[in-house]
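Worth knowing before you read on, the calculation uses all heavy atoms, side chains too, and leaves out hydrogens, waters and symmetry mates. Throughout, protein chains are lettered first and strands after them, A, B, ... in sequence-line order, and every chain is numbered starting at 1.
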Amino acid sequence: MIRTENLNIGHRSSLLQIENLSLQKGNLYFLIGKNGSGKSTFLKTLSGQIKSISGELFLDDILSTTIHFGELPKTVSFVSSHFPIVDFLKVEDFISLGRSYHTSYFGIVKSIDNHVISDIIIKLKIKHLIGRFTSDLSDGERQLVAIAKALVQETPIILLDEPTAFLDYSNKKLVLETLKKICADMNKCIILSSHDIDMSLEMNCPFLVIDSKSKKLQLFSSNTKKKELLLLAFD
Amino acid sequence: MIHLSVGQIPISFQEYWQSIFNFDEHAANEIIAREIRFPRLYMSLIAGASLSVVGLLMQTLFNNPLAGPYVLGINSGSSLFVALSIMTGIPFLTSDLGIIANSLLGAFLFGLVILFFSRIVRTQIALLLVGLMLGSFVSAFVSFIQSASNAQELKVFTLWALGSLQKVEYTQLPLIILITAIGIVGSFLIIKPLNILVLGEKEAKLLGVNIKQVRLVIIIITAILTGLVTAFCGPIAFVGLAVPNLVRILFKTQQHFILIAASIMMGALFILVCDIFIQLVEPYFMLPINVLTSIIGAPMVIFFVLKRLK
C-alpha cells in the first residue's frame with residue numbers, strides 16, 4: 001500500500017531517511033519518535049503537504065510525484081492534530097465535507113454519499129452526536145468525528161497526527177480500539193503518531209520507529225519489547 | 001428556512017417601501033419615481049447585498065469572523081484610487097466610468113495587499129490591525145492630496161466621500177446590476193470550496209481544493225462588488241462585517257449556499273431599513289449612510305469581539 005525506496009524527507013534539509021519500507025493494508029501502525037524527530041514531517045510527506053527531497057514514494061502503487069494534488073484525496077486522508085474551531089458547524093456537515101472528492105462541482109451530498117456517511121456514523125457509534133455543533137463537542141467526541149470525516153473519504157490510507165494527544169485514558173482506549181477495528185474490518189492502512197508508548201504496546205500493533213541516532217525510520221513487529229523501543233527512539 | 005426567508009423579506013420590505021412612499025412624500029409622480037426612487041431603491045439593495053456577500057467571503061477566506069471589506073481596508077483602496085483619479089483632473093478619469101474603474105482597481109490591489117499580509121500574520125486580530133492601519137494610512141494620504149488640490153476637485157471628492165445612495169442615475173442601473181450579478185453569481189459558483197475553507201486552508205488543500213485559484217477568485221469578486229459600491233456610494237462601513245455574523249447566528253449553519261443567499265437578503269434589507277430611516281429624518285438633517293451604518297455597526301463589532309475573547 002505504501003512503499004518507499006531510499007526516501008529522504010525534510011522541510012528543506014534532510015531530516016529523516018526511510019530506506020525500504022513496505023506497509024500493508026489491514027494494519028494499524030504506531031509511529032514513534034522524539035519531538036522534532038520527523039513524525040509530522042513523515043505524515044505530511046505521505047499526505048502530500050510537503051515534497052520529499054529524494055528517493056521514491058509509492059502510494060497504492062502509484063509514484064507520489066505523479067499524483068495531482070486534486071487526486072490525492074482519493075488515496076490518502078489525514079486527521080490533523082488540531083480540530084478546526086468554527087462556530088455553527090454541525091457534526092453531519094463536518095463529516096460530509098470528507099465526501100468532497102466524491103461530490104460534484106457544487107458539492108451536493110447525494111444519496112450514495114449519505115449512505116456512506118450513515119454507515120460510518122453507525123460503525124463509530126456517534127449517532128447521538130448528529131445535530132450538535134462541533135464547537136460543543138468534548139475532545140474525545142471531536143476525535144471520533146474527525147475520524148469519521150476521514151473514513152467517509154473512503155481512502156485506502158488514513159494518517160492521524162497524534163489523535164490521542166488531548167484525550168483521557170478511556171477516550172484514548174476508545175479511539176485506538178475503534179481505529180484498530182476499522183483497520184481490520186475495512187482493510188485500511190492506518191498510520192498514527194503517538195507519544196504514548198504504553199498505550200501503543202497494549203494495542204498489539206506494529207511500530208514505525210524513528211531511530212534517534214541514525215535518523216532512520218524502521219518497521220518493528222508488534223511484539224517488540226518496551227525497553228528496545230525506548231532505547232531506539234528516545235536514547 | 002430559506003424558502004421562508006426568500007418569501008418573506010421581499011414582501012415585508014415592499015410593504016415598508018410602499019408605506020414610506022405614501023406617508024413621507026407628496027404624491028409620487030412618475031419622474032421622481034423613475035429618476036430618484038428607483039435608482040435609490042436598487043442601489044440600497046445592491047450596496048447591502050454586495051457588501052454583505054463580500055464580508056462573508058472574506059470571513060471564510062481568512063477564517064476570521066471579524067473580517068470585512070471596510071475593516072480590512074478594501075474600501076480604502078477604492079477611496080485612494082478615486083481620490084488620485086479625481087485630483088489628476090484628467091476628464092476621463094473623473095468621468096463615471098473612470099471612477100468605477102479606479103475604484104475596482106484600488107479595491108483589487110488592496111485585496112492583494114491584505115492577502116499578502118494574511119500569509120505573514122498568524123492571528124486574526126493582527127490582520128484586522130493591519131487593515132485598520134491601512135485605512136488610517138490612506139485617509140491621512142487622502143487628506144494630504146486634498147490639501148494640495150483646488151476647490152473644484154475638492155468639492156467633487158468631498159461629495160463622493162460623504163457617501164450616498166442618491167447619486168446613481170436611471171440609465172446607469174443596467175450596467176450596475178450586470179456587474180453586481182457577475183459578482184454574486186461568481187460567489188455562488190465557489191460554494192464548494194467555501195464550505196471546505198471553513199476547516200482552514202490546510203484541511204482544504206488536503207481535500208483537493210486549489211487554494212491559490214480560490215483565493216484569487218474571492219479577491220476578484222471582492223474587488224468587483226466593493227469597488228462598484230464604493231464608486232457610487234462612497235465608503236459604507238461595517239455592513240460587510242455585521243451582516244454575515246448575524247446571518248450565521250440566525251441560521252446556525254456553515255453551508256455557504258444558505259449563508260450567501262441569506263447575506264444577500266439581510267444585507268439588502270439592512271441598508272434599505274437604514275435608508276428608510278435616513279429618508280424619514282431628511283426633513284430635519286442630512287444623515288450620510290456611512291455615518292448611520294457606523295453608528296449601528298461599530299457597537300456590534302465590539303460585541304462580537306468581546307464574545308470571541310471570552
Report the option among A:His82, A:Lys149, A:Glu71 that has the most heavy-atom pairs separated by less than 4.5 Å from atoms of chain B. A:Lys149
Taking atom NE2 of A:His128 as the centre, does the number of heavy atoms from other residues, nucleotides or ligands within less than 6.0 Å exceed 12? yes
When rounded to the nearest 0.5 angstrom, what is the spacing between OH in A:Tyr101 and CD1 in B:Ile196? 13.0 Å
Counting neighbours of NZ on A:Lys74 that are heavy atoms of other residues, nucleotides or ligands and sit closer than 6.0 Å, is the number greater than 12? no
Are more than 12 heavy atoms from other residues, nucleotides or ligands located less than 6.0 Å from atom NZ of A:Lys172? yes
B:Lys252 atom NZ, over 12 foreign heavy atoms within 6.0 Å: yes
More than 12 heavy atoms of other residues, nucleotides or ligands under 6.0 Å from CD1 of A:Ile62: yes or no? yes
Mind checking the CD-CZ spacing from B:Glu203 to A:Phe83? Nearest 0.5 Å is all I need. 9.0 Å
Interface moiety of B:Ile191 toward chain A, non-hydrogen atoms closer than 4.5 Å: side chain
Once rounded to the nearest 0.5 Å, what's the spacing between atom CG of B:Leu206 and atom CG of A:Leu72? 8.0 Å
Working to the nearest 0.5 angstrom, can you tell me the gap between A:Phe106 CZ and B:Ile190 CD1? 11.0 Å
Under a 4.5 Å cut-off applied to non-hydrogen side-chain atoms, are A:Gln153 and B:Leu207 in contact? yes
Hydrogens and angles aside, do A:Asp93 and B:Gln254 bring a side-chain donor and acceptor to less than 3.5 Å of each other? no
Minimal heavy-atom distance between B:Val209 and A:Phe69, with the atoms involved, is O-CE1, 3.5 Å
With distance as the sole test, does A:Tyr105 use its side chain to make a donor-acceptor pair with the main-chain N or O of B:Leu189 at under 3.5 Å? yes
Contact between A:Phe88 and B:Thr253 at the side-chain level, heavy atoms closer than 4.5 Å - yes or no? no
Scored by heavy-atom pairs under 4.5 Å with chain B, the best of A:Ser77, A:Ser100, A:Ser104 is A:Ser100
No-hydrogen, no-angle side-chain donor-acceptor test under 3.5 Å, B:Lys202 and A:Ser80: no
Going by heavy atoms in the side chains, are A:Leu89 and B:Leu199 under 4.5 Å from each other? yes
What pair of heavy atoms forms the shortest contact from B:Gly208 to A:Pro73, and how long is it? N-CG, 3.5 Å
